[in-house]
Structure formats: C-alpha cells, structure tokens
Amino acid sequence: MTVLSMENPVFVTYMIAGSIMILKLMGQGWMTVFRMLKVDAGFVTPEDLQAGPINRNPRPEQLELNDYVDRSRRMHRNDLENIPAFLACGLLFVAAAPSYLFANILMYSFVGARLLHTLAYATKQRHEVRATLYSIGSVVVIVMAAYVLAVVIF
C-alpha cells in the first residue's frame, strides 16, 4: 500500500480533515468580504475608497475599524496561523504511519477544535473559551509533530 493513496485509511482521514480545514480557511475570507459589503464599512486600504460597482458611495469613515468586519478578519488571521501547520504536519504524520484510531482522534480533534473556536469567536465568548479550543488544536499538532520525530529518530 502506498502511504499517500486512498488505499491508506489514515491518508483518507487526512484528506477529509484537510479539505474541511481548507474550506473553512477559504470560507472565512469570503465571510469577511460579505460582512464588509453588508455594513458598507471595515475597508482597510485607501484604494478601497475609489468609486466602483461595489463601492458606489465611498466615504472616509469606511476605513474606520468596524468590529463586525474586523472580528471576521481576526478569525481569518487566526486560521492562517493554525491551519497551515496542521496541513503540513498532518502530511508528515500520515507518512509516519500512525494507527488509524490515533490518527482519527488527533485529526478530527483538530477539526472540531478549530470549528468550535470559530463559533466561540463569532459569538463573542470570553477569552478562556477560545484559548481552550486553540490549545486543543495546538496540542494536537504538537503531538503529531512529536510522533513524527519519534518515528524518525527512534
């Protein structure tokens, strides 16, 4: 069996988890754009104030911080800080041939933690809730990386 093939159930788990995370990451960018258009605010660069088909009534206050838009932008930034590490480490983890159960527990825990983190952020939960969910995802990636190192070194 080739490690990076659909014959390998661990790789299939990675494909599912990775695809969900990529969709989440890309979708968050679209959510930010949706929010900017919905409130006609939260733009970030001066050229955003040029008149066009989308911004028909440019105004300087459109560049002011808008929490509704910026919250989505912060969620996107947080995804960009976490999901790529999972994608890279997950591929190394698959190559290290963990058990199917171990891989499922770790990878789906990461996915669940990230999705719940997004929900907590979007609903303005207190920092401890978000930090706990971040920590779960972070520990998962650390465990996967440590597993890879252990397999390679020992």
Side-chain angles (χ1 to χ4, degrees), residues 1-45 48 61-154:
M1 168 178 63
T2 305
V3 174
L4 300 180
S5 78
M6 290 182 47
E7 295 172 5
N8 179 357
V10 172
F11 184 61
V12 171
T13 295
Y14 172 75
M15 290 172 65
I16 293 167
S19 294
I20 292 168
M21 290 294 86
I22 290 167
L23 289 170
K24 194 274 176 253
L25 179 64
M26 300 309 293
Q28 193 63 54
W30 284 102
M31 177 58 70
T32 302
V33 170
F34 170 80
R35 286 179 170 213
M36 282 187 337
L37 295 175
K38 181 178 176 182
V39 298
D40 196 27
F43 300 168
V44 292
T45 60
D48 293 343
E61 62 268 14
Q62 287 175 312
L63 292 178
E64 293 173 5
L65 184 66
N66 179 286
D67 186 63
Y68 179 67
V69 175
D70 197 54
R71 179 168 298 277
S72 182
R73 196 172 277 123
R74 291 189 308 267
M75 291 187 304
H76 194 199
R77 186 172 52 236
N78 192 277
D79 285 344
L80 287 167
E81 294 167 354
N82 291 276
I83 293 173
F86 169 77
L87 294 172
C89 190
L91 198 55
L92 298 173
F93 184 64
V94 169
S99 75
Y100 178 65
L101 178 62
F102 188 48
N104 273 271
I105 290 169
L106 290 177
M107 291 189 193
Y108 291 131
S109 291
F110 181 85
V111 169
R114 290 309 307 163
L115 295 176
L116 289 171
H117 180 273
T118 296
L119 180 63
Y121 217 132
T123 58
K124 301 181 182 182
Q125 301 300 310
R126 67 183 198 277
H127 179 261
E128 292 81 5
V129 173
R130 294 190 329 269
T132 298
L133 294 166
Y134 160 80
S135 296
I136 292 168
S138 179
V139 167
V140 164
V141 175
I142 290 167
V143 167
M144 291 189 330
Y147 182 89
V148 170
L149 282 174
V151 167
V152 171
I153 292 172
F154 303 108

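Between K124 and R71, the closest side-chain pair of non-hydrogen atoms falls below 4.5 Å. Counting heavy atoms from C-beta on, the side chains of Y108 and T13 come closer than 4.5 Å. Contact of the F154 side chain with the L149 side chain is not registered, since no non-hydrogen atoms from C-beta on lie closer than 4.5 Å. Side-chain contact between E61 and D40 is absent, with no heavy-atom pair separated by less than 4.5 Å. In this structure, F93 and V140 have side chains that are not in contact, with every pair of non-hydrogen atoms separated by 4.5 Å or more. Residues R74 and D70 have side chains in contact (heavy-atom distance under 4.5 Å, counting atoms from C-beta outward). The shortest side-chain heavy-atom distance between F110 and I136 does not fall under the 4.5 Å cut-off.
Heavy-atom minimum distance, D48 versus V44: OD2-N, 3.2 Å. Across all non-hydrogen atoms, the minimal contact from A113 to G137 is CB-N, 3.9 Å. When all heavy atoms of A145 and C89 are compared, the pair lying nearest together is N-SG, 3.4 Å. Heavy-atom minimum distance, L133 versus A120: CD1-CB, 4.1 Å. Closest of all the heavy-atom pairs between V94 and V3 is O-CG1, 3.4 Å. The nearest pair of heavy atoms linking Y14 to L91 is CE1-N, 3.5 Å.
If you take CE on M31 and CE on M26, they are separated by 14.0 Å, rounding to the nearest 0.5 Å. To the nearest 0.5 Å, atoms OG (S135) and NE2 (H117) are separated by 9.0 Å. A distance of 5.0 Å separates CE in M21 from CD1 in I83, rounded to the nearest 0.5 Å. Distance check: F102 CZ to M107 CE gives 10.0 Å after rounding to the nearest 0.5 Å. To the nearest 0.5 Å, the span separating OG on S109 from CG on L116 amounts to 10.5 Å. Here CG of N104 is found 8.5 Å from CD1 of I16. Values are rounded to the nearest 0.5 Å.
Of the possible polar contacts, one joining the R130 side chain to the Q125 backbone as a donor-acceptor pair under 3.5 Å is found. For the pair N8 (side chain) and S5 (backbone), a donor-acceptor distance under 3.5 Å is absent. For T123 (side chain) and L119 (main-chain N/O), a donor-acceptor pair under 3.5 Å exists by modelled atom type. Not one N or O on the side chain of R114 forms a donor-acceptor pair closer than 3.5 Å with the backbone of K24.
Counted within 6.0 Å of OH on Y134, heavy atoms from surrounding residues, nucleotides or ligands total 12 or fewer; the atom is thus considered open.
Screening R35, R77, Q28 for a side chain to side chain donor-acceptor pair (under 3.5 Å) involving S72 leaves a single residue, Q28.
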